[in-house]
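Written below as structure tokens is the structure these notes are about.
Every heavy atom of this structure was used, including side-chain atoms; hydrogens, water molecules and symmetry mates were not. In the text below, chain A, chain B and the rest are named by the order of the sequence lines, each starting its count at 1.
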Amino acid sequence: MENSQDESESDEQEQFLEMKPLWSLAPMFPLPMGYDVATQSTDPMLVFVTPFRPCTSPEQSPASFGQPLPKSPIPLKATPISAAFPMPRHKGGSSHDPLKDTPMSVAFPMPRHKDEPSDDPPKATPISAAFPMPRHKDESSDDPLKATPVSAAFCMPRHKDKSSDDPLKATPMSRSFPIPRHEDESSDEDYKPFSGQKKPTPLKTAKRIQQAECSNAANTKRRSIQRSLNKELAFSSFLSSDPNESVEEAMIMFDSLRRRILQLDEKEDAGKRADLKAGSLMMQNGLRINSSKIIGPVPGVEIGDIFFFRIEMCIVGLHAPAMAGIDYISAKHAGKDEILAISIISSGGYENDDNDTDILVYTGQGGNSRHKDKHDQKLERGNLALMNSMKKKSLIRVVRSAQDPFCNSSKIYIYDGLYWVEDSWTDRAKNGFSVFKYKLRREPGQQDGISVWKKTEKWKANPVTRNNVIRVDISSKAEKLPVCLVSDVDDQKGPSYFNYITGVEYSRPLSKTKPLQSCKCPSVCLPSDTNCSCAQLNCGYLPYSANGVLVKHIPMLYECSSTCQCCQNCRNRVTQKGVNLSFEVFWTGDCGWGVRSWDPIRAGTFICEYAGQVIDETNMNMGDEEDEYTFCTSWRSDKVSRWNLGAELLEEKSDNTTTENLKRLPIVISAKRSGNVARFLNHSCSPNLLWQPVQYDHGDDSYPHIMFFAMKHIPPMTELTYDYGTIGAPPGINGKIPNVCKLKPCFCGSTNCRGSF
DNA sequence: GTAACTTCAATGGC
DNA sequence: CGCCATTGAAGTTA
């Protein structure tokens, strides 16, 4: 994986090569950066073994060679544009550029919402108040607030009374500061954020109760479960000063909450709209970012970032309205006499499907309510804002949507950067009423967004259309989908030879002390069935959501086994069914070969197993040299525990058992001679994958399968990485293997990079 | 196909 | 005018 590439070790490799022809295409190559390969060791994670899977044999698939591609091997996700400020307009118009005129204004905090939680929720409140805020560059302003900049900051729950210091008036910026509140935290009731009613305000108590009663009566059958956050835990979140990290944390927290709420609700047979529950819980607790509306890029959100729910874009400040497709800044807050559009979401209804991804024809809003009479669209609200933006040549963020390839009923939203309105006219909708149309053009010079999707969709349909393919399928059909080997850089022929297998191979028998789990559930295991013995093993819940995503990281995950009575469609069988994504192994440059996916990946999705030969740590000797193709469990990233944070916020008390109980396992897996795509996963200090021990085919818990899952939503063509390193390498290994502690320089590029691993 | 749900800007009362 | 409670608009999700 990382740096030292295969190529480095020539000697050994040659031997391998000789033995197997297969796809030996890849002879060795010069070492990339001069590392001494021999010393590289990875040390890391846990490991273990599992049942075996036959090694696949190698019949090679015909390698196809593509033509040279432009080089930019990796679409870096650097933050494009200036992360902080809106870009200068392009051609004419600069003078009108709203941005220039009033830069600050864009950063104004939005008006608060009256009923912020503060008043009532004794429980809900505090949280955010303590967060430091992330800063970003706009500080420039002369704003007195200097200290903490701005907008980027989290919005906190505010309190209404304290008016005097009300930020609004005096210094707009300040609003975004977290302000701890004390007083009224205690309100009379035990408010739970997501009760059926809307946010209560004290004065409305009577009405609220009334509403609640009504709604309870109406909902006898589908109970709405109230949940609240554990404040103490919430404190620890969002501490980063880096907008990218803050956004990441908010997104991770949201989905963790959402998955856990769904899991809890399903157990009580009341699951519904967990996205809204998680979202409003965060909003009401001030756990959101970039709440001040701004024109231009949103700090921490990059072009190409994907979202699976509308409310996610609201939480990170990309697009505030919960439903409306056009977000705009009101005249008052913009300090102007007109409202201006700041972002739109194209849901796909009118998408012109030319391959021209720089143009978007967008339909205005309104006139199409299902509950009221249809009518002509009016030039007001979003429609008016877009018209004003056209006149001012003001930039607008555009979010496009695509069908989720793994879920027919859902959509994925892709942030595609800045556009400006070039033209507008009225048109006649199918229902006969008139609608506004706006032609938007993408600002040139931005990194790829939706255009990446067009390419990957084509490649998925036919991998040969991918340029610079070295081999169409290095798995030789061992995987359900081809694993493409590509290099957008000349001179790379491929990694040295290895045998592609999809699982682990054991060198000695596993302990049979513990019987295989076997539930008696008929058909499929159900979340509400408290008798399911498999659910009991997994801390009392089915570990996956209905769509197969991992809910929480747990010490050991037990999937249903061959002795369970449930069928293959049971939701508790996920990793045992193998890889489901279209991967490509590509040349990264500094980090050697890496892995990325042509599919968009939702947080919690199963990625792949760490396949290889299981070596018992205690049996390792000098001959078993640790190298970059070795997996062990010594290093655990703290990000893994943070991945569970949202879920833990819902618990009555914080039991850190999940993460604390993780013990190092004796298993060590070597993927040097045999392995799968996982052997090419690189290290990153800011990883997007985590590994989870999983058992389904044997009872030896010291040697579980090591399964990788996505920690966040991962756009197509983004490198997949996990955090591993030598820090914390087991003493046993250190003693036996020289050089194991030698750190390798890290090129992950994340802001919190440790520099080496 | 329907039901249930959200946030925010605008409005209107005091 | 300022404050704030209420209303209406917008569409997504399962």
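Here the P atom of nucleotide dT13(C) and the CZ atom of Phe309(A) are 7 Å apart, to the nearest Å. Look at CD on Gln365(A): it is 12 Å from C1' on dC8(B), rounded to the nearest Å. Taking atom CD of Glu380(A) as the reference point, atom P of dT11(B) lies 9 Å away to the nearest angstrom. Ile261(A) places its CD1 atom 13 Å from the P atom of dA14(C), with the value rounded to the nearest Å. Regarding Ile412(A), its CD1 atom lies at a distance of 11 Å from the P atom of dT13(C), rounded to whole Å. In this structure, Ile326(A) atom CD1 and dA10(B) atom P are separated by 13 Å, rounded to whole Å. Going from atom CZ of Arg273(A) over to atom P of dT6(B) covers 9 Å, rounded to whole Å. One can place CD1 of Ile315(A) at 15 Å from C1' of dT12(C), the figure rounded to the nearest angstrom.
Each of Arg381(A) and Lys411(A) was matched to the nucleotide of DNA chain C holding its nearest heavy atom; the match closer to the 5' end belongs to Arg381(A). Of the two residues contacting DNA chain C, namely Asp275(A) and Asn383(A), the nearest-nucleotide position lying further toward the 5' end is that of Asn383(A). Both Leu276(A) and Tyr328(A) sit near DNA chain B, but only Leu276(A) has its closest nucleotide nearer the 5' end. Two residues, Asp327(A) and His371(A), neighbour DNA chain B, and the one matched to the more 5' nucleotide by heavy-atom proximity is His371(A).
In this structure, the nucleotide among dT7(B), dA4(B), dA9(C) sitting nearest to the side chain of Ala322(A) is dT7(B). The side chain of Lys272(A) sits closest to dA4(B) out of dA4(B), dA9(B), dT7(B). Closest approach to the Arg288(A) side chain among dA10(B), dC8(B), dC5(B) is made by dC8(B) (side chain taken as heavy atoms from C-beta onward). Nearest nucleotide to the side chain of Ser347(A), out of dT12(C), dA10(C), dC8(B): dT12(C). Closest to the side chain of Ile339(A), from the set dA10(B), dT6(B), dT13(C), is dA10(B).
Annotation: ring-ring contact (aromatic ring centres under 6.0 Å, His included) contacts involving residues 380-416 of chain A, sequence neighbours excluded, are absent.
The residue Lys372(A) sits close only to the backbone: its heavy atoms come under 4.0 Å of sugar-phosphate atoms, none of a base. Counting any heavy atom pair closer than 4.0 Å across all strands shown, Arg310(A) reaches sugar-phosphate atoms only and no base atom. Counting non-hydrogen atoms under 4.0 angstrom, Gly279(A) reaches nothing in the nucleic acid. Within 4.0 Å (heavy atoms only), Arg370(A) reaches at least one base atom of the nucleic acid.
Residue Met387(A) holds its CE atom at 3.5 Å from OG of Ser424(A), rounded to the nearest 0.5 Å.
Under the rule for a ring-ring contact (aromatic ring centres under 6.0 Å, His included), Phe254(A) has no partner lying at least two apart in sequence or in another chain.
We find that Lys277(A) and Asp265(A) are joined by a salt bridge, their nearest charged nitrogen and carboxylate oxygen being less than 4.0 Å apart. Look at Glu266(A) and Arg571(A) and you find a salt bridge, because one of the NZ, NE, NH1 or NH2 atoms lies within 4.0 Å of a carboxylate O, short of that distance.
Phosphate proximity of dA9(B) to Lys293(A): present, with a side-chain N or O under 4.0 Å from OP1 or OP2. For dT13(C), the OP1/OP2 oxygens have a side-chain nitrogen or oxygen of Tyr413(A) closer than 4.0 Å.
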query = Would Asn547(A) and Tyr544(A) satisfy side chain to side chain donor-acceptor pair (under 3.5 Å), going step by step from the backbone distance to the final call?
reply = CA-CA 8 Å; Asn547(A) 60 358; Tyr544(A) 302 114; over 6 Å; no
